[in-house]
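Here is the naming used below: chain letters follow the sequence lines, and residue numbers restart at 1 for every chain. Small disclaimer: the values here were computed from a predicted structure and weren't measured.
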Protein chains: 2
Amino acid sequence: MPYDPSAFPAFAVTVDLVVLTVRRHALCALAVRRGEPPFQGRWALPGGFVRADEDLAQAAARELAEETGLRAHDPAVPAQDNGAHLEQLATYGDPKRDPRMRVVSVAHLALAPDLPAPRAGGDASNARWAPVEELLQPSGYGRDGEPVAPLAFDHAQILSDGVERARSKIEYSSLATAFCPTEFTVGELRRVYEAVWAVALDPRNFHRKVTGTPGFLVPTGGTTTRQGGRPAQLFRAGGATLLNPPMLRPEV
Amino acid sequence: MPYDPSAFPAFAVTVDLVVLTVRRHALCALAVRRGEPPFQGRWALPGGFVRADEDLAQAAARELAEETGLRAHDPAVPAQDNGAHLEQLATYGDPKRDPRMRVVSVAHLALAPDLPAPRAGGDASNARWAPVEELLQPSGYGRDGEPVAPLAFDHAQILSDGVERARSKIEYSSLATAFCPTEFTVGELRRVYEAVWAVALDPRNFHRKVTGTPGFLVPTGGTTTRQGGRPAQLFRAGGATLLNPPMLRPEV
DNA sequence: AGTGTTTATCGTCAGGCAGACGACTATGAT
DNA sequence: ATCATAGTCGTCTGCCTGACGATAAACACT
C-alpha cells in the first residue's frame, strides 16, 4: 500500500459539534443558521474546518469556544470549573454527504450547564438552543413557528447519535454532572436525568442511589432553596467518573 | 464559514483496522509488516486509503476482506453467517501522527472467530495474529524471538482503544458471540469472555447467566464433545443484541 | 470393567441492590 | 395557621449475583 502523496484522493476534514444542555426540563442542542448554500437559511450543527496544524480535539475545542464561549474540560484536570465536557463522537464520511465536495466530519459531543444565551460570532439570531425532539422531527417548528427541522446535511443523524451517546453514558458515568453548575442539589441532578431520558424518577430512590455511591457527590456544606420547598444540600461532582453499579434507566 | 475549496487544507483519510480474535485462550490482534518507510519492517495495524467514491464503512469492509477474506456483517441482517462484526472505533488526527503528511485515520474494530491462517495479499510472513499484550508492550517479542512491538505510528494507542472497546462491549451486548463459530457451546463462550477479560469465571454461574438471558442463546439441538468431557449442548446466537442486566466483569 | 480426569449442568444459600411506597421535615405562599 | 412544594430517611420485597456442593456424561488409563 504505497503512500505516494499523489496516489490518494484529497479530503476536507471538519469537526461538527453536538452541544447539549438542559433548559426548562428539556434536553436541548445548539443549532446555528446557515448563511450560505447549500441549505442556506436552514439550521445546522455548529462546526468548521480542521486547520492544518490542529489536532481534532483542538479543533473541536476551538469551535466550541467560538460558538458558546465555553472552554473545554481538560480530562486530565477533573476538578476544573466552568468548562464543558467534550469528547469525540463518531466520524461521518458518506461521499455524498456534502453536495460540493468530499468532506469527512469528525463529530464531537459537548455537554454544558444551562448558559445565559447562545451567540454565534455575536449574532444571536443565528444561534439557538432547541429541544432535540424538535430538531429531530421530519419537519419541526419552534415555538415561534419558524421551521427548525430538518437539519442540514446529515446533521440529524449526527445529533441523534450524540443524544443516544449522552443518554447511555449518564447511566454508567458521572457525566450528568456536566449539565449542572459547579454546585447543585440532588434534585437538580435528578431533573437532569429526567430531562435527558424523558422519564420520571422516584426522588427517594434517586437520592439513595446518588448519595450512596462513593465518590460521586461531595457535600459542600451549604444549602439552597432556589428550587423552593425544604432547603437542599449542595454538592459538587466527586472524583469518581464511573458509576458501579450503574444508574438504571427505567423500562419505557 | 465559507466553503471555498481553496480555503481548507487537504487531508488524506485512511481506515485502520483493529481485528481481534481469540486463539489459544488469548485475545489476539491482526498485525501486518510494513513494507516501506516510515517504520519499514515494523508491525502495524492493517489499513489503507479511503477511495474517492467510498463510504468509510465500505472502505473498512474492503480492507478487512483484503487482509482476512472475511466479509463484514451487515448490521441489518443479524442472522448472517460467516461474517465478522465491524464497527467504527474512533478517529485519530494528530498533525504529526504520520511524519510525511497530514493523515486522518478512521479506526474500525472487527471481531472474528478463530481463523485458519492470516494472509496479507497472499503473503503469510507479512501478517500474523499476535496476543494483544505482546503488541502493547513497550518492546515486545513474539514466541519466535522476533520483535513485534512497539507498533508503527500511533497504532498502539488505536489497538489499546479497540481492546478496551471490546472488553467493555461484551459486558452489555451479545458481541462475544462474534468470536465464536456459528454453533458453539456455553463453555466455548465462557472461554471467550475469559480470554478477552483475562480472568477466570465460575462455569456454573456463567452457565446460569447466559442460558437465563432471553434471546441471547438459542439451542440448536445438537451436542458436541470437541472440548472433551461430558457432551455439551450447541447453541447459536439469538436475536438479542443487548444484555440486560449486563454480564459483570469481576473486580481486580 | 473399573478408576480417574475433564467438562457440563443443576441446585442451594446468603448478601446486595432496586423498585414501590410510607413517613417526616423544612421552607415559601395564601 | 394552613397548604403546597421539595427534600430526606426508612421499610419491605423480589431479583440477581457470588460462592460453592453435587451430579452427569464423556474419554483415557490400567
So does [X] get a side-chain nitrogen or oxygen closer than 4.0 Å to the phosphate oxygens (OP1/OP2) of [N]?
X	N	value
B:His207	C:dA8	no
B:Lys209	D:dC16	no
A:Arg204	D:dA6	no
B:Arg191	C:dA8	yes

Distance-only donor-acceptor test (3.5 Å): side chain A:Arg230, base C:dA26: no
Sugar-phosphate, base or nothing in reach of B:Arg226, heavy atoms under 4.0 Å: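 No contact.
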Pairing of B:Arg249 and B:Glu164 as salt bridge, 4.0 angstrom limit: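 Answer for the salt bridge query: yes.
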Flag side-chain contact, heavy atom, 4.5 Å: B:Leu20 against B:Val132: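 Of all side-chain heavy-atom pairs linking B:Val132 with B:Leu20, at least one is under 4.5 Å.
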Specify the separation, in whole Å, of atom [atom1] of [X] and atom [atom2] of [N].
X	N	atom1	atom2	answer
A:Phe235	D:dG7	CZ	P	11 Å
B:Phe206	C:dT7	CZ	P	16 Å
A:Gln233	C:dT27	CD	P	13 Å

Rounded distance [0.5 Å steps], CG in A:Leu151 versus CG in A:Leu136: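 It is 7.0 Å, given to the nearest 0.5 Å.
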